[in-house]
Amino acid sequence: MSLRPRSGEHVPPLTAQIARASNPGGTTAIWVRDRLDGLWCDEDFADWYPRDGRPGLSPAQLATVCVLQFLLGLSDRQAAEAVRCRIDFKYAMAMELDDSGFHHSVLADFRDRLTGDGRADRLLDLALSRLKEAGLVRERTTQRTDSTHVLAAVRDLTRLELITEAVRAALEEVAGTSPHLLDGLIDEDWGLRYGRPVRLGKNPTKPKTRILTTGNDAVRLLKHLYRHAAGRASGPRVQALRQIMVQNYHRDAAGHLCWRTAEKEGGAGLPPSSRAIVSPYDTSARYARHGHIISWKGFAAHLTETCASDTPNVITDVATTASTTHDSQVLPGIHARLSRRGLLPAEHLVDAGYTSLPHLEQAAREHQVTVFGPLKSNPTLQHRRGEGFARDDFHIDFDLRQVTCPQGQVSAGWHGPYPTSSPTAAPLIVARFTKSQCRPCPARAQCTSTADSARTVGFPPRELRDLQLHVRAEQQTPEWKARYAVRSGVEGTVNEFAHGHGMRRCRYRGQSKAHVQHVLTAIAINIERLSGLPPAGEALPSRRPTAFQSYLDRCEIFRPRSWRTLGT
């Protein structure tokens with residue numbers, strides 16, 4: 001399918017006339033055409049299609065329909081019907097009134113095209129460039145970021161349900177593509193166990209028998225397919241079954257199939273959450289916990305928006321990651337994408353999950369971005385208890401490569417910097433004192449926890465250490481806290497995404513498709529916000545006072561004008 005760009009893309013006169021007459025106040029779809037001249041044109045998608053082949057539908061029109069679809073919460077069928085019937089949709093896409101639109105399945109094909117080669121992010125790039133050209137968003141303002149959990153479009157399965165459903169999914173896949181491969185394997189027992197979707201619950205009858213039976217069935221199925229379908233590529237469900245079997249079963253010394261448990265007996269423990277498959281239908285979803293309250297199977301979405309006082313809030317970046325990915329690992333990617341879009345902030349407000357010391361230094365060095373966020377306090381035992389000598393009580397001399405303790409002893413060793421196990425933690429320099437220095441010390445009980453140990457002090461290199469001390473001191477000031485208070489407003493945007501536009505649950509399976517959903521939702525929210533603004537030069541209408549507020553004003557009784565007023 002090739003691309004044949006449309007020329008002109010002007011709204012037909014009759015479409016414009018009827019759209020104006022039937023919607024004198026305008027709609028969001030009409031605003032997209034009037035203010036932005038459409039979010040994109042066909043030439044923007046030229047490298048998405050081959051040069052030869054049957055001409056396809058306009059990708060600019062399909063992208064616009066997808067955004068309006070997520071703005072209004074429509075299904076594919078409802079969106080295709082809106083293209084046929086709604087005047088403002090035809091106006092936004094510059095269509096004739098008698099244009100019958102397209103079949104709803106075209107939208108699914110276009111979203112599949114968006115999942116490859118970073119095209120979803122490029123679509124957001126194009127939309128933001130139009131907003132930037134219109135003066136609705138600019139670079140070097142204040143922006144803020146927060147994340148939220150997203151549930152995958154799969155059932156929440158127990159481990160026994162997972163392996164049983166994986167066998168059934170593989171059987172369904174083989175029966176749909178090569179049913180003859182199941183000849184000689186399937187009997188009535190298989191029909192009873194896998195003839196319908198699995199519903200076992202948390203306490204099934206005879207769980208050990210079910211575990212061994214299902215595991216042996218899976219082994220037989222995989223061996224049968226390997227023997228009779230050698231040289232053929234396995235489908236995704238069969239490949240998922242192989243991985244799920246490895247993650248949930250192992251062979252003991254005698255060669256018997258055994259169920260994996262959390263105890264690592266003989267190296268047969270369970271895989272980490274970052275690798276464990278939770279559904280045969282979406283192998284990219286992962287299980288994660290956030291504290292002791294939230295646990296989910298799916299992904300995480302990171303939202304970045306502008307929050308300057310003199311401009312409307314515009315979502316500038318959306319990142320979809322595995323649920324087990326730490327927030328601080330996402331920050332460099334956010335800055336790289338904002339730099340590509342020409343929308344880097346001067347100040348970036350984030351919560352404590354994003355404030356990795358190396359990434360704060362990297363953002364300032366590479367992008368001249370000041371990251372505002374609470375930096376974790378000193379992790380030493382003495383600092384947590386508030387007694388004894390913490391790390392900050394030691395004098396560090398980087399030039400002489402030595403550390404002096406509060407009692408005047410000088411360290412005997414300086415080692416490192418060593419890389420840490422965490423990819424987001426700073427490298428560590430370790431200074432060691434000797435036992436001969438620490439044993440006779442009268443303040444030894446305030447410094448070490450055991451009688452026969454010597455103190456070691458760990459700290460980052462000089463540049464990171466200076467940054468660490470500066471940030472920790474600055475975040476204690478009232479000015480820093482007042483500036484950081486603006487970050488809390490991003491939680492309203494997260495709530496708008498999750499509850500106003502259904503982002504809490506994925507519409508589609510797979511991380512790449514979930515990201516397409518998040519990008520289209522972000523573009524839809526942007527145009528919804530901006531289309532509601534008054535024309536340039538007009539101020540927003542003030543909110544009318546309530547009946548009680550009017551009573552207070554009439555009686556000349558003071559009332560606070562903002563919830564931020566001191567003393568309220």
Determine, for [X] against [Y], whether the closest basic-nitrogen to carboxylate-oxygen distance falls under 4.0 angstrom.
X: K297; Y: D282; value: no
X: R487; Y: D146; value: yes
X: R119; Y: D125; value: no
X: R20; Y: D34; value: yes

Is there a donor in the side chain of [X] and an acceptor in the side chain of [Y], or the other way round, less than 3.5 Å apart?
X: Q362; Y: R365; value: no
X: H348; Y: Y354; value: no
X: T148; Y: R504; value: yes

May I ask you to test the [X]-[Y] pair for a side-chain heavy-atom distance under 4.5 Å?
X: I315; Y: T304; value: no
X: V278; Y: L162; value: no
X: L57; Y: F110; value: no
X: E491; Y: D351; value: no
X: V369; Y: R140; value: yes
X: V137; Y: L343; value: yes
X: W48; Y: L114; value: yes

[X] and [Y]: which non-hydrogen atoms are nearest, and at how many Å?
X: R529; Y: V314; answer: NH1-N, 4.4 Å
X: V83; Y: G101; answer: CG1-CA, 4.0 Å
X: P374; Y: T355; answer: O-OG1, 2.7 Å
X: G416; Y: I429; answer: C-CG1, 4.4 Å
X: H367; Y: A336; answer: NE2-N, 4.3 Å
X: H501; Y: L71; answer: CE1-O, 3.7 Å

Checking [X] side chain against [Y] main chain: does a donor-acceptor pair fall under 3.5 Å?
X: S284; Y: Q511; answer: yes
X: R391; Y: V457; answer: no
X: T306; Y: A308; answer: no
X: D42; Y: S58; answer: no
X: E361; Y: L464; answer: no
X: R286; Y: S323; answer: no
X: T15; Y: M95; answer: yes
X: Q517; Y: M503; answer: no

task: Please identify each residue that fulfils salt bridge (charged side-chain N to carboxylate O under 4.0 Å, His left out) with E81, with sequence neighbours left out.
output: none
task: Flag this pair as yes if the NZ/CZ of R507 is under 6.0 angstrom from the six-membered ring centre of F70 and inside a 45 degree cone about the axis; otherwise no.
output: yes
- prompt: Above 12 or not: heavy atoms from other molecules or residues under 6.0 Å from CZ of R275?
  reply: no
- prompt: Which residues satisfy the side-chain contact (heavy atoms from CB on, under 4.5 Å) test with E347, sequence neighbours excluded?
  reply: T142, F372, R483
field: Derivation and outcome, salt bridge (Lys or Arg N to Asp or Glu O under 4.0 Å), residues D117 and R122
entry: CA-CA 9 Å; D117 300 328; R122 289 172 59 192; over 6 Å; no
For D317, the option from H335, Q143, R341 that meets side-chain hydrogen bond (donor to acceptor under 3.5 Å, both in side chains): R341
- request: Using side-chain hydrogen bond (donor to acceptor under 3.5 Å, both in side chains) as the criterion, point out the one residue from R337, R340, H515 that pairs with D121.
  value: H515
message: Can you classify the ring geometry of W296 versus H149 as parallel (below 30°), tilted (30 to 60°) or perpendicular (above 60°)?
response: tilted
- request: Look at the aromatic rings of Y551 and F548 and report parallel, tilted or perpendicular, splitting at 30° and 60°.
  value: parallel
